[in-house]
Amino acid sequence: MTPALPREILICTIARLLEGVRTVAVGAASPMPAAASMLRRALDEGARQVRLSILGSVEHNFFTNGSTELFDCAGQGRLDAFFLGGGQIDGQANVNLVGVGDYPQSRVRWPGSFGSAYLYFTVPRVILFREEHTPRVLVEKVDFISAPGISPPGVYRPGGPVALLTSKALFSFDRERPGFTLESLHPGHDLAELHAATGFAFAHTDDPPVTPGPDTATLSLLRGRVLDELEETYPAFATDWRRDLAAAQPVT
Amino acid sequence: MTPALPREILICTIARLLEGVRTVAVGAASPMPAAASMLRRALDEGARQVRLSILGSVEHNFFTNGSTELFDCAGQGRLDAFFLGGGQIDGQANVNLVGVGDYPQSRVRWPGSFGSAYLYFTVPRVILFREEHTPRVLVEKVDFISAPGISPPGVYRPGGPVALLTSKALFSFDRERPGFTLESLHPGHDLAELHAATGFAFAHTDDPPVTPGPDTATLSLLRGRVLDELEETYPAFATDWRRDLAAAQPVT
Amino acid sequence: MPSDLRSMAQHIKSGMRLALPVDYAGVSMAMTRPMIDHGAGDLHLICVPTGGLQVDQLIGAGLVTSVETSAVSLGEAGGAPRFNQAVKDGALRLRDATCPAIHAGLMAAQKGSPFVPMRGLIGTDVLRHRDDWRVIDNPFADGGDPIVLIPAIRPDIAIFHAPMADRFGNVWIGRRRELAAMAYASTQTLVTVERIVDHSLLADEMTAAGTLPALYVTDIGLAPGGAWPYGLWGEYPTDTDELARYARAARSAEGFAEYMASQAKVQA
Amino acid sequence: MPSDLRSMAQHIKSGMRLALPVDYAGVSMAMTRPMIDHGAGDLHLICVPTGGLQVDQLIGAGLVTSVETSAVSLGEAGGAPRFNQAVKDGALRLRDATCPAIHAGLMAAQKGSPFVPMRGLIGTDVLRHRDDWRVIDNPFADGGDPIVLIPAIRPDIAIFHAPMADRFGNVWIGRRRELAAMAYASTQTLVTVERIVDHSLLADEMTAAGTLPALYVTDIGLAPGGAWPYGLWGEYPTDTDELARYARAARSAEGFAEYMASQAKVQA
C-alpha cells in the first residue's frame, strides 16, 4: 500500500485527538477536520456513536434550529470538540481571526472572529489547526485577541485549547504553565527547522518523536469509506487527494 | 329582529373596546372575548386587518414558535390587546389568579397566574373581563397580586388595564388617580345594586348611561358570520347561544 | 428500536427535576402509569408553562415534593383536585411563576447562561415569593429601571408525547417548539410517539423543519394514543368527558385511588 | 399579490439598521440591485451572524456607514474585497462581534428585554472594543464570575430570501430559524421567494412547522433564483465560479463598478 501522504498523517492525527468524543462540529471549508471526524466515526462504529455536524452543509447537518443551535449546543455542554484556525496564533494559544496592525484600521483584514470568542470558552476540546507553520502565523503575541488561550481564575471557562496541529508538528497545550509543548514532528521535519518557523517559545524534549502514521487498517478505512463520504461535501479536495494518491503509487 | 341578549351586549361592548387593534390574543375557554375579536375583525374588514390568536386552538393560531411566541409578541409590542379575568380584582386593578387566604397554603386555590405577571405590563390594552359581579370577586384589596394594576414611576410598563367589564357594568380605569370609573350600566341594572355588588369604591356620575346595544347591522353580523366562525372553536357556547336566541324569538 | 415504557421510566430517579409540557402541546399521559409504578419519588415538577392531568396524578400518587408552574388546572373540567388538596394541606413546595418566566429559565439553560432578564413581574406577589429570582437595575439605563433576572432552569428529564419519530431517534414536534426548548434545557429527554417511521426525518427539509434531532433524545417509546385523554395536535382531540370524569372522581383521595385502579385495569 | 422588488426597496430609508442573513441561510441577492438603485444610504448593517457578497456590494456602492458582524468573507472565494478596502481606509464603523453575541442581541429584542447575558468573551479584544456591551458580576454567584451583557439588537428592516410564501403573507423558512429570529427582532421584514403558493402554509401542521407567520412580514416579492450566486437550501447550489469572478473583479473600485454595471445589463 502507498505510504501515508502528509495530509493523511494530519487527518489521522486529528482523528487521534478526537478519541472519545460524542459530538464534534467543523466549520465550513474544513475538509481535513471533516475527514478526521468521519474517520473517528468510522473507527468508533459499534462502540460509540460519533455525531458530526459540518456548518453550512445541508447533508451533514443535524441541527434544526438555525445557526444559533451550534452555540446553544456548546453552551449546554453537548459539543465535545471543535476546530479553530487563526491568522495568528501565539504562544499563549491566543487566536487572532481579525487582522494585522492597529485595530480597527487593520493593515491586513481577515474575515472576523466568527464564533471563536464563545466556542473557545465552552467547548472542552478545541483543536487549533493551521497548516501554514511560519513565524507570520505562529507569533509571539497576536495583534488582536479574538479568543484567549487561557482565562484568569473566576472566569467561567469549561473549554479551551488542547492541541495545535500544523503541517510540521503537533503541540499539546498546558493551561497551567501556560504554553505549548512539542509532542511530535511530522516525518521529514526537524527541531531546528521548527524553531526557525515558530515565533513563540515552546517546551520540547531533546529528541522529539516523529508523528506516527496510521496503521494499514486505518489507512484503508480512510482511503475507502471516509474518502467516499468526504467527496459528497468536498469534491475538489477529494479529487486532489485521489490525484496525489495516484501519483504516489509505487511503480510496480 | 330579537333584541340584543345580555351576552350579545357584552360581546359588542368588548368589540367596541377593541376598536383600532391589529393583533389580539384570547386565552383558551374565552368564548366571549373570542366572539368580540371575531366581530371586530368582521367590522374592520377592508379597512384594517385584525389578527386573532386563540391560545390552545389549532385552527385560530397563527403562531409557529411554541407557547413562548405570544409572550415574545407582546414583548416586541406586536400584541395590542389581551383579556384577563381574575378570581379577585380590586379597586387598583390588581388581579389575583392564585387563591384566597394566606399564600402558599391558600384556602381556595385557583390555577395560577398564567402569563398575567408579564402581559399586564406589556400589552397596551388589557381588558379585564369577569362576568360575576359580586363583592367576592370585586374586592377592596386582593389576597395575592398576580399582576398589579399600576406600577411606580421608573418601572417599565407600556401596558396595563384600560377597562373592566362585568355582567352588570362597564368601567374604565384611570392609571393616574388610580381607580375605576363607571362608564355605563348594562340594561336592567342600577347604581344602588352596583354599589352593593362591588367591594371597592369607584367614580361615577349621578346618572350613569346605559350600555348601548349593537345596531341592527352589527347584530346581524354577530348572529350570522361571527356565530358561525365561533362555532368551530366553541361548539357548546354557540349551541347555548342559539338556544337563547330561539327562546327569545318574539312570538309572531 | 422503540423502548418499553416501563424500562423508560427507569431513567427517573428519586429527587429529580422533571419538565412536563402544557396540556395542548403533547403530554405523555402514557408515561404516567409507568412512572407511578416505577415509584421514584421526591420529584420536582417543572410545568412548561402550566400543568394539568399528569401533574395532578403524580401529586395524587404521592411522588411530588415541589411544583414550579404558572398554573395547574384541568381546563374546562375545572381545578386540579389533587393539586388543590395538596396546596391546602401544605404538602407541596410551590414555586408559583408566570408563563414567560418558565420559558425564560429554560432559555437560559438552552443558551448555557446562568440567567436571563425578564420584563414585568415588578410589584407582583409572584416575584415577592421567589427567593431564587433577583432584581437588578438595568445596567443599560441611566439609573433605576429595575428588571428581574430569572435563573436557568435545568431539568434532569423532559418527558413528552409527539406524533412521530424515526428509527434514528429524531422526533417530529412540528411547531410545538417548547418541546425542543424543554429538550435543549434538560439533561435527558424521554419521548413517546404515535408512530415510528423508517426514513430519516432530517433527510427532507420539510420534515426537518419540525424535527428535534436525536442528539437531544435519550429514549423513545411507541404509544399510540399516548396523550389520551388529552388530544394531540393534528391527530386527535381531547376527551373532555374523561377529564370531567377524572375531575369528579379525584375530589377525594379515595376517588382518586379508585380512578387510578380502574385505569390500570383498562390498560392491563 | 407579490410586490415589485423596486417598490419593496422604498421601505428602506437613509440611516436605517438592516439585518441580513449568513450566506447559506437565504440571502436576498435579488434585492441588492434595487437597494443600490433606490440609493438610501448611511445604512447600518447587522450581519446575522456573518456577511458576504451582499454586504460587500452594498459597501462598494457606498451605502454603508457601519457594520456589526462576526465576519465578512466570500467563503471559498476568499476575502470580501470592498469590505477589506473600506476597513483599510477607515471608511467603515466596525462593530466586530462573535456569532452568538449577534444571536443574543436579536434574542433580547425578540423577548422585549433590554439585554441578555452571554458566556465567553471575557479577555477578548472583541469585548474590549465594544463600548455598547457591559460586564457585570453574575448576581447568582457568590461573588466574582464576570459575565457580559449584550444589549438588544433591534433592526429597522430584516431582508432575506426563502423558498416559498403563500398568498396570505406567510413565509416558509424551514429549519433556518435565524430568519424568524431576524424577523421577530426587526420592525419590518422584506422577503423575496422562489414561488408563491395558493394554499395557506399554516393550514397544514407539516408546513406550519417551518413557517414565519404573516404577522412579521411587511412585504413579499417573487424572485426565482433570488439568492444567486448564493445557493438556497433544498433548491440550488452556490455558483462558486461567479463568486470567484466577483472576488477577482472587485479587488479595485473600478473592477467593482464594471462588475456591477455588467450585472445590471444582465438583469435588465
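Within every chain, numbering begins at 1; the chains are lettered A, B, ... in the order of the sequence lines, protein sequences first and strands thereafter.
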Heavy-atom check, side chain of [X] versus side chain of [Y], under 4.5 Å:
X	Y	value
C:R95	C:T69	no
A:V162	A:R175	yes
A:F62	C:S200	no
A:R7	A:F237	yes

key: Proximity breakdown for A:T64 and chain C, heavy-atom pairs closer than 4.5 Å   = both
ask   = For A:Y118, is it the side chain, the backbone, both or neither that has a heavy atom under 4.5 Å from a heavy atom of chain C?
value = side chain
Quick check against the 3.5 Å criterion: does [X] have a side-chain atom that pairs as donor or acceptor with the backbone of [Y]?
X	Y	answer
C:T238	C:G231	yes
A:S106	A:Y103	no
C:S14	C:G41	yes
A:R157	A:G159	yes

Smallest separation among heavy atoms of [X] and [Y], with atom names:
X	Y	result
A:L10	A:L165	O-CD2, 3.8 Å
A:S37	A:L52	CB-CD1, 3.6 Å
A:L119	A:A74	CD2-CB, 3.6 Å

ask   = Which members of residues 216-232 of chain A, sorted by number, sit under 4.5 angstrom from chain C on a heavy-atom basis?
value = none
ask   = When only heavy atoms count and the cut-off is under 4.5 Å, which of residues 76-102 of chain A reach chain C?
value = A:Q76, A:R78
inquiry  = Ring centroids only, cut at 6.0 angstrom: are A:Y156 and A:F121 within range, meaning strictly under it?
reply    = no
Within the 6.0 Å centroid threshold, strictly below: A:F171 and A:F202 = yes
message = Below 4.5 Å, heavy-atom pairs only: which of C:E205, C:Q110, C:R177 has the largest tally toward chain A?
response = C:Q110
remark   = Answer key: most heavy-atom pairs under 4.5 Å with chain A among C:L202, C:T211, C:L215 is C:L215
request  = Name, in order of residue number, those residues of residues 186-195 of chain C that have a heavy atom at a distance of less than 4.5 Å from a heavy atom in chain A; otherwise write 'none'.
outcome  = C:S186, C:T187
key: Structural part of C:A214 lying under 4.5 Å from a heavy atom of chain A   = both
Which of A:Q49, A:R22, A:E69 touches chain C most, by non-hydrogen pairs under 4.5 Å = A:E69
ask   = Using 4.0 Å as the upper bound for N to carboxylate O, is an ion pair formed by C:R130 and C:D96?
value = no
request  = Step by step, work out the side chain to side chain donor-acceptor pair (under 3.5 Å) result for C:H11 and C:D219.
outcome  = CA-CA 9 Å; C:H11 289 279; C:D219 218 339; 3.2 Å; yes
ask   = What residues, two or more places apart in sequence or in another chain, satisfy salt bridge (Lys or Arg N to Asp or Glu O under 4.0 Å) together with C:D4?
value = none
